[in-house]
Amino acid sequence: MKLISFVIPCYRSENTLPHVIDEIKETMAGMTEYTYEVIMVNDCSPDDTFDTIRKICEENENMTGVNLAKNFGQHSALMAGFGYAKGDIVVCLDDDGQTP
């Protein structure tokens with residue numbers, strides 16, 4: 001069974017990230033030939049994004065949160081997430097749900 005890694009750079013996404021995670025879980029429930037993991041990288045967001053990430057990780061064993069020490073930008077957050085990804089396939093998603 002192949003593993004899909006979803007890497008999500010997060011900034012000001014305390015309100016949108018739970019919806020993105022729900023969409024991933026719903027989509028993956030229909031793709032039984034794959035397992036998946038989600039790596040959410042907080043890019044030093046000034047809101048409660050990392051608290052949201054922690055809660056999601058507590059509720060889902062296949063999800064990992066990374067908290068960057070300062071704001072490095074979206075591309076650096078993606079690169080940090082790639083370091084944690086173990087999947088055969090890596091999918092990059094936005095934290096606002098705008099990436100189908």
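Along the sequence shown, residues carry numbers from 1.
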*asked:* Does Glu59 have more than 12 heavy atoms from other residues, nucleotides or ligands lying within 6.0 Å of its CD?
replied: yes

_Can you tell me if Phe72 has over 12 outside heavy atoms packed within less than 6.0 Å of its CZ?_
yes

*So, does Ser45 use its side chain to make a donor-acceptor pair with the main chain of Arg12 at under 3.5 Å?*
yes

*Cluster check Leu68, Phe82: I/L/V/M/F/W/Y, side chain < 4.5 angstrom*: yes

*Please test Glu37 against Ser5 for side-chain hydrogen bond (donor to acceptor under 3.5 Å, both in side chains), starting from the C-alpha separation and ending with a verdict.*
CA-CA 5 Å; Glu37 66 176 355; Ser5 296; 2.4 Å; yes

_Distance (rounded to the nearest 0.5 Å) between His75 NE2 and Asp43 CG_ = 11.5 Å

*Kindly compute the distance separating NE2 (His19) from CG (Asp95), expressed to the nearest 0.5 Å.*
12.0 Å

*Between Asp88 (side chain) and Lys2 (backbone), is there a donor-acceptor pair under 3.5 Å?*
no

*Taking the side chain from Asp94 and the backbone from Asp96, do they hold a donor-acceptor pair closer than 3.5 Å?*
no

*Point-to-point distance, once rounded to the nearest 0.5 Å, from CG of Asn42 to CG of Asn67*: 4.5 Å

_Can a donor-acceptor pair be found, under 3.5 Å and without considering hydrogens, that links the side chain of Asp22 to the backbone of Lys25?_
no

*Is any side-chain heavy atom of Val90 closer than 4.5 Å to a side-chain heavy atom of Val7?*
yes

*Using links of under 4.5 Å between side-chain heavy atoms of ILVMFWY residues, direct or through other members, which residues join Met1 in one cluster?*
none

*Co-members of Ile24 in a cluster of I, L, V, M, F, W and Y side chains, linked at under 4.5 Å*: Ile4, Phe6, Ile8, Leu17, Val20, Ile21, Met28, Met31, Tyr34, Tyr36, Val38, Met40, Phe50, Ile53, Ile56, Met63, Ile89, Val91, Leu93

*Looking only at non-hydrogen atoms, find the nearest pair between Cys57 and Gly65 and report the distance.*
SG-N, 3.3 Å

*Are side-chain heavy atoms of Thr35 and Asn62 found at a separation under 4.5 Å?*
no

*Atom CG in Asn71, atom SG in Cys44: separation rounded to 0.5 Å?*
6.5 Å

*Between the main-chain N or O of Thr49 and the side-chain N or O of Asp47, is there a donor-acceptor pair closer than 3.5 Å?*
yes

_Counting C-beta onward and ignoring hydrogens, is there a side-chain heavy-atom pair between Cys10 and Val41 closer than 4.5 Å?_
no

